[in-house]
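Below is one structure, written out as structure tokens, with a few remarks after it.
Every chain is numbered from 1, with letters handed out A, B, ... down the list of sequences.
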2 protein chains.
Amino acid sequence: MSTAGLARTRVRRADIVAAALELFADKGYLATTMDDIGRAVNVRGPSLYKHVTSKQDLLVEIMESSMATVLRDHAVAVGSTDDVADQLRRAVEAHVRFHARHRLEAFVGTRELRHLSDGNRAAMAARRRDYERGFRVLVERGVAEDRFRVGSVRLTTYSLLDMGVGVSVWFREGEEFSVDEVAYRYGDLAMRLVGAA
Amino acid sequence: MSTAGLARTRVRRADIVAAALELFADKGYLATTMDDIGRAVNVRGPSLYKHVTSKQDLLVEIMESSMATVLRDHAVAVGSTDDVADQLRRAVEAHVRFHARHRLEAFVGTRELRHLSDGNRAAMAARRRDYERGFRVLVERGVAEDRFRVGSVRLTTYSLLDMGVGVSVWFREGEEFSVDEVAYRYGDLAMRLVGAA
DNA sequence: CCTACCGATCGGTAGG
DNA sequence: CCTACCGATCGGTAGG
């Protein structure tokens, strides 16, 4: 009776993080309880503390690992060519691909920034600014090299970034567009925005 | 001693809503307590219930009044001309103006949607979809009338909307751009996106 | 408009 | 991995 052999008995840390991600995205960090997360992996809330030191830790892990992913993808995209227009196009494609593939991480990343502890938030905010600077630098160089024509580097950069971030809100795998299709189309839109089309 | 004549004694409902708006934007709805709001208007938390029926009510009031504002501005913009390109341009300008002028309302409006009670959330979500449909219809008509050339009506519409929403995140009165400047520039960007420039 | 307070929730710890 | 539980917080009410 007691060992009825329900579902998974063994809880891995990765399962906990995955469950937390989904709950944070759905209900928000503050509204998600350790019991909620436990329930999603078939244990009681307190049992989670064998694998995790705090709820905050889960948020930090989610944010840091996804930030590492975008930064790496961005570096690869920009490093793959010397042509500014191609660099910007590929950077936008990578940006969009990330926001489509890792919707929830992206969503939580921007939505829950304020619920990181002070130290963690400062560090994450700095990395986010670095990421944004990467795009601004590309737009600036494109203008300097006479490849782009923009009204304002700053506004154009914000637009490129915000368009891509928006993808994480509506994108669903297996619907009208594939990840690649969305990436390519946003790459085209980016070229129009900078006047390089 | 007791009547040292501190600051405001009379608390108006509008002051409470304004204080709630700022706190919701800064800390988030769940993280804001009635005591926080009370402190901002120089009363104790429980005293607020003389003017307000619940914390939820404050959120509803903020969201409904700002939604009414955008919808009205949008209608005026679209109704001011018959030319699709001008209509879209003015709709985008109105959209951006709203997100610049009412940054906090816009911010709270998208960020705290999930903390509305079920009925309220459904109603607000429906009005938001109506608003978005207004833009999609304009893009569609522009394409049908051969004024716009877009890869995907849906993605282009999302881009236009998301760019404008992004303004509420970074815009600050009295910095590099005025509200009107930002609106005009985003109007130009919109024309580029739909291939009408 | 205030103090006192209820009832419920929640992160995390104790101690198996 | 669980139950019991601590300590703190919070929305809202009572009753002036």
- Item | Pair B/D118 + B/R121: basic N to acidic O under 4.0 Å | yes
- Please give, in whole Å, the distance from C/dG11 P to A/H115 NE2? 13 Å
- Task: Mind calculating the distance between CG (B/L30) and P (C/dC10) to the nearest angstrom?
- Result: 10 Å
- Note on the structure: Among the nucleotides D/dG11, C/dC2, C/dG11, whichever has the atom closest to the side chain of B/V43 is C/dC2
- Message: What contact category does B/T53 fall into here, base, sugar-phosphate, or nothing, at under 4.0 angstrom with non-hydrogen atoms?
- Response: nothing
- Atom-pair distance (CG on A/D35; C1' on C/dT13), nearest Å: 14 Å
- Expressed in angstrom and rounded to an integer, what is the separation of A/H51 atom NE2 from C/dG12 atom P? 16 Å
- Message: Counting only side-chain heavy atoms from C-beta out, which of D/dG12, D/dG11, C/dG11 sits nearest to B/T33?
- Response: D/dG11
- With DNA chain C as reference, determine whether A/A31 or A/P46 sits nearer its 5' end, using the nearest nucleotide of each. A/A31
- Note on the structure: When both distances are under 3.5 Å in a Watson-Crick or G-U wobble arrangement, the nucleotide paired with C/dT13 is D/dA4
- When you look at A/Y186 and A/H95, which way does the ring-ring contact (aromatic ring centres under 6.0 Å, His included) test go after all the steps? CA-CA 10 Å; A/Y186 272 77; A/H95 181 65; 9.1 Å; no
- Message: Any heavy-atom pair between the side chains of A/T110 and B/V169 that's under 4.5 Å?
- Response: no
- Message: So, does B/K55 get its side chain near the phosphate of D/dG11, meaning an N or O under 4.0 Å from OP1 or OP2?
- Response: yes
- Whole-Å distance, A/K27 NZ to C/dC10 C1', equals 13 Å
- Closest to the side chain of A/S47, out of C/dC2, D/dC1, D/dG12, is D/dC1
- Query: Is the shortest side-chain N to carboxylate O distance from A/D130 to A/R127 below 4.0 Å?
  - Reply: no
- Rounding to a whole Å, what distance do you find between B/I16:CD1 and D/dG11:P? 15 Å
- Between B/N42 (CG) and C/dC1 (P), how many Å, whole number? 10 Å
- To the nearest Å, how far apart are B/K50 NZ and D/dT13 P? 12 Å
- Task: Consider the side chain of A/R44, meaning its heavy atoms from C-beta on, and name the nucleotide among D/dG12, D/dT3, C/dG12 that approaches it most closely.
- Result: D/dT3
- Task: Before accepting this row, confirm whether a basic side-chain N of the pair B/R97/B/E93 lies closer than 4.0 Å to the acidic partner's carboxylate O.
- Result: yes
